[in-house]
*Asks:* 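One structure, as structure tokens, below. Some questions next.
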Amino acid sequence: MEGKGKVNGVAAMAACYQGFDPAAYLQYNYTPPRADFERKDSIVPWKLACLHRAFTEGDVRGELLVDIGSGPTLYQVLSGCEVFNKVLLTDFLEVNRQELRGWLEDEGGCNLDWTPYLQHVCKLEGRRPSAWTEKAAKLRQVITDIVPVDVHRPQPLALYALPSEGADCLVSCFCLESVSPDLAAFTRALGHIGRLLRTGGHLLLIGALGESYYFGGPGVRIPVVPLNEAQVCASLKESGYTLIRLEVYTLPQDMRVGVDDVSGVFFVKAIKE
């Protein structure tokens, strides 16, 4: 009966996502005040700074970077595309994969202009903001594919998607806690994606703290596993990762805009044992 309960919980989560609206989600989370590049305490610049630092410290390197649960967003690979020759984007939902393909094909069908993000990361890298066109071209060059993923399966990706030795690095942002019915499912999902990673490879994980729901579109309320820092650390250890660094961001009051009840965000840099 326990196994059946796991399946039912995961199926219920999948059903919640049937009304997910990429355009609304991007508007809720990736425009000001949450994406105000003039404010040091804005959440998006904080996330970009964490990722920039992790990808430029020198130990995260290799051939293949895989983004687990990309959603309709690209910010999470803007620094990594300078380090890895190949970037694989993944998502469970076809609407999100279509949003990403719209940007990749550069035909003007995107619901968000990523130019300010590209410019900001160029600044972090010590380059002119006008170099954003070069960065966009580099990202389009290294993205090898956009494929389905299911983190609740022991093998989350199709076998053909990865080399036999696995990826050199995984990045995953706001995915696992947002698609898991409970903490145990979150921990199992961490273990599942770890099978895609080579031994000694890195995991860069960003997620919500203290969040019980978010809106994936008008009236589309999606439950989230409310996590605290201790639970994140325990789940990582149980799933075979060694924690290198944990950073925490606390949302200012004006970032709490009513589209979720998140209180903070964590950034994790870890290595697969």
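Just so you know, residue 1 is the first one in the sequence shown, and it goes up from there.
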*Asks:* On a heavy-atom basis, which atom in Glu229 and which in Leu209 lie closest, and how many Å separate them?
*Replies:*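 Taking Glu229 first and Leu209 second, the nearest heavy atoms are N-CD2, 4.0 Å.
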
*Asks:* Ignoring hydrogens and angles, tell me if any N or O in the side chain of Thr90 forms a donor-acceptor pair with the backbone of Gly69 under 3.5 Å.
*Replies:*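 Side chain of Thr90 to backbone of Gly69, a donor-acceptor pair under 3.5 Å: yes, one is there.
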
*Asks:* Heavy atoms, side chains only, cut-off 4.5 Å: are Lys47 and Arg34 in contact?
*Replies:*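 Not touching, per the 4.5 Å side-chain cut-off.
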
*Asks:* If we only count heavy atoms from C-beta on, is the Pro156 to Leu196 side-chain gap below 4.5 Å?
*Replies:*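 Yes, at least one pair of side-chain atoms sits under 4.5 Å.
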
*Asks:* If hydrophobic clusters are built by linking Ile, Leu, Val, Met, Phe, Trp and Tyr wherever their side-chain heavy atoms come under 4.5 Å apart, do Leu197 and Leu243 end up in the same one?
*Replies:*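 Leu197 clusters together with Leu243.
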
*Asks:* Got a sec, which residues hit side-chain hydrogen bond (donor to acceptor under 3.5 Å, both in side chains) with Asp41, two or more places apart in sequence or on another chain?
*Replies:*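 side-chain hydrogen bond (donor to acceptor under 3.5 Å, both in side chains) check on Asp41 returns Arg39.
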
*Asks:* Identify, with sequence neighbours excluded, every residue that meets side-chain hydrogen bond (donor to acceptor under 3.5 Å, both in side chains) alongside Asp21.
*Replies:*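 side-chain hydrogen bond (donor to acceptor under 3.5 Å, both in side chains) list for Asp21, sorted by chain: empty.
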
*Asks:* Counting C-beta onward and ignoring hydrogens, is there a side-chain heavy-atom pair between Glu57 and Arg245 closer than 4.5 Å?
*Replies:*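 Result yes, sub-4.5 Å side-chain heavy-atom pair found.
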
*Asks:* Would you call Lys269-Glu247 a salt bridge at under 4.0 Å N-O?
*Replies:*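 No salt bridge links Lys269 with Glu247.
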
*Asks:* So, using side-chain contact (heavy atoms from CB on, under 4.5 Å) as the criterion, who are the partners of Leu64 when residues are at least two apart?
*Replies:*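 Testing Leu64 for side-chain contact (heavy atoms from CB on, under 4.5 Å), a comparison that skips the adjacent residues, returns Val66, Lys86, Leu88, Leu162, Pro163, Ala167, Asp168.
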
*Asks:* Atom CD1 in Ile146, atom CG in Leu100: separation rounded to 0.5 Å?
*Replies:*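 Separation between the atoms: 5.0 Å.
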
*Asks:* Can a salt bridge be assigned to the pair Glu63 and Arg198 using a cut-off of 4.0 Å between side-chain N and carboxylate O?
*Replies:*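 No, this pair does not count.
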
*Asks:* Evaluate Leu204 against Cys169 for side-chain contact (heavy atoms from CB on, under 4.5 Å), listing each step before the verdict.
*Replies:* CA-CA 8 Å; Leu204 305 178; Cys169 179; 4.3 Å; yes

*Asks:* Step by step, work out the side-chain contact (heavy atoms from CB on, under 4.5 Å) result for Leu65 and Val83.
*Replies:* CA-CA 9 Å; Leu65 169 66; Val83 180; over 6 Å; no

*Asks:* Got a sec, which residues hit side-chain hydrogen bond (donor to acceptor under 3.5 Å, both in side chains) with Ser212, two or more places apart in sequence or on another chain?
*Replies:*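 Asp261.
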
*Asks:* Show your working on side-chain contact (heavy atoms from CB on, under 4.5 Å) between Asn111 and Tyr25 and close with a plain yes or no.
*Replies:* CA-CA 10 Å; Asn111 284 296; Tyr25 175 80; over 6 Å; no

*Asks:* Just verifying a value: how many Å separate Ser263 OG and Met255 CE, rounded to the nearest 0.5 Å?
*Replies:*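 Between atom OG of Ser263 and atom CE of Met255 there are 14.5 Å.
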
*Asks:* Within the structure provided, determine whether Leu183 and Leu227 are in side-chain contact (heavy-atom separation under 4.5 Å).
*Replies:*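 Yes - at least one pair of side-chain heavy atoms lies under 4.5 Å apart.
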
*Asks:* Quick one, Val87 and Asp67 - any side-chain contact, counting heavy atoms below 4.5 Å?
*Replies:*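 No, too far: nothing below the 4.5 Å cut-off.
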
*Asks:* Same cluster for Val10 and Tyr213 if Ile/Leu/Val/Met/Phe/Trp/Tyr side chains link at under 4.5 Å?
*Replies:*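 Val10 and Tyr213: separate clusters.
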
*Asks:* Check the hydrophobic clustering (I, L, V, M, F, W, Y; side-chain heavy atoms under 4.5 Å; chains of links allowed) and say if Phe174 and Leu26 are grouped together.
*Replies:*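 Per the 4.5 Å side-chain linkage, Phe174 and Leu26 are co-clustered.
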
*Asks:* Between Ser79 and Leu51 (side chain of the first, backbone of the second, donor and acceptor by atom type, cut-off under 3.5 Å), is there such a pair?
*Replies:*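 Side chain of Ser79 to backbone of Leu51: no pair is present.
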
*Asks:* Kindly assign one of parallel, tilted or perpendicular to the pair Tyr117 and Tyr30, based on the angle between their ring planes and the thresholds 30° and 60°.
*Replies:*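 Taking Tyr30 first and then Tyr117, their aromatic rings sit tilted (interplane angle of 30° to 60°).
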
*Asks:* Please name the pair of heavy atoms, one in Val220 and one in Cys16, separated by the smallest distance, quoted to 0.1 Å.
*Replies:*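 In terms of heavy atoms, the two residues are closest at CG1-O, 3.7 Å.
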
*Asks:* Which atom names give the shortest non-hydrogen contact between Phe37 and Pro45, and what distance separates them?
*Replies:*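 Phe37 and Pro45 have their closest heavy atoms at CD2-CG, 3.9 Å.
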
*Asks:* Just wondering, do Cys233 and Phe266 contact through their side chains at under 4.5 Å, heavy atoms?
*Replies:*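 Phe266 vs Cys233: side chains apart.
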
*Asks:* When you compare the side chain of Asn29 with that of Thr73, does any pair of heavy atoms fall below 4.5 Å?
*Replies:*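 Counting from C-beta outward, Thr73 and Asn29 never come under 4.5 Å.
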
*Asks:* Within a reach of under 6.0 Å around CZ of Arg256, are more than 12 heavy atoms found that belong to other residues, nucleotides or ligands?
*Replies:*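 Yes - once you tally the heavy atoms of other residues, nucleotides and ligands closer than 6.0 Å, there are more than 12.
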
*Asks:* Are Tyr241 and Val248 connected in a single hydrophobic cluster, I mean Ile/Leu/Val/Met/Phe/Trp/Tyr linked by side-chain heavy atoms less than 4.5 Å apart?
*Replies:*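 In one cluster: yes.
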
*Asks:* State whether the side chain of Thr199 and the backbone N or O of Lys272 hold a donor-acceptor pair below 3.5 Å, judged by distance alone.
*Replies:*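 No, because the side chain of Thr199 does not come within donor-acceptor range (under 3.5 Å) of the backbone of Lys272.
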
*Asks:* So which residues get pulled into Ile271's cluster when ILVMFWY side chains under 4.5 Å apart are joined, directly or through others?
*Replies:*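 Joined to Ile271, directly or through intermediates: Ile244.
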
*Asks:* Below 4.5 Å, heavy atoms only, C-beta onward: do Ile206 and Gln76 meet side chain to side chain?
*Replies:*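 No, side chains not in contact.
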
*Asks:* What distance do Cys175 atom SG and Leu205 atom CG have between them, rounded to the nearest 0.5 Å?
*Replies:*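 Result: 9.0 Å between the selected atoms.
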
*Asks:* Who passes side-chain hydrogen bond (donor to acceptor under 3.5 Å, both in side chains) against Ser180, sequence neighbours left out?
*Replies:*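 Once residues adjacent in sequence are excluded, Ser180 has no partner under the side-chain hydrogen bond (donor to acceptor under 3.5 Å, both in side chains) criterion.
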
*Asks:* To the nearest 0.5 Å, tell me how far Leu78 CG sits from Cys122 SG.
*Replies:*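 Going from the CG atom of Leu78 to the SG atom of Cys122 covers 9.0 Å.
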
*Asks:* Can you measure from CD (Gln155) to CD1 (Ile193) and round to the nearest 0.5 angstrom?
*Replies:*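 Here the interatomic distance stands at 12.5 Å.
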
*Asks:* Between Phe84 and Phe55, how do the two ring planes meet: parallel, tilted or perpendicular, split at 30° and 60°?
*Replies:*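 Plane angle over 60°, so perpendicular.
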
*Asks:* For Trp114 and Tyr75, work out which heavy atoms get closest and say how close.
*Replies:*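 Taking Trp114 first and Tyr75 second, the nearest heavy atoms are CZ3-N, 4.0 Å.
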
*Asks:* Can you get from Val44 to Leu112 by hopping between Ile, Leu, Val, Met, Phe, Trp and Tyr side chains that sit under 4.5 Å apart?
*Replies:*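 In one cluster with Val44: Leu112, yes.
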
*Asks:* Taking the basic N atoms (NZ, or NE/NH1/NH2) and the acidic carboxylate oxygens, is any pair closer than 4.0 Å for Arg101 and Glu94?
*Replies:*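 Looking at Glu94 together with Arg101, the answer is yes, because their closest N to O distance falls below 4.0 Å.
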
*Asks:* CD of Glu273: more than 12 outside heavy atoms within 6.0 angstrom?
*Replies:*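 Check passes, neighbour count above 12.
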
*Asks:* Could you walk me through whether Arg97 and Asp91 pass side-chain contact (heavy atoms from CB on, under 4.5 Å), step by step?
*Replies:* CA-CA 6 Å; Arg97 299 195 299 270; Asp91 202 71; 4.1 Å; yes

*Asks:* Do His52 side-chain atoms and Leu124 backbone N/O form a donor-acceptor pair below 3.5 Å?
*Replies:*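 Indeed, once roles are kept as given, a pair shorter than 3.5 Å links the two residues.
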
*Asks:* Might you point out which heavy atoms bring Glu99 and Pro72 nearest each other, and give the distance in Å?
*Replies:*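 Answer, listing the atom of Glu99 first, then Pro72: CG-CB, 3.7 Å.
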
*Asks:* With rounding to the nearest 0.5 angstrom, report the CD to CG distance, Glu211 to Asp260.
*Replies:*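 Separation between the atoms: 4.5 Å.
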
*Asks:* How close do His152 and Val179 get, counting heavy atoms only, and between which atoms?
*Replies:*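 Result for this residue pair: NE2-O, 2.7 Å.
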
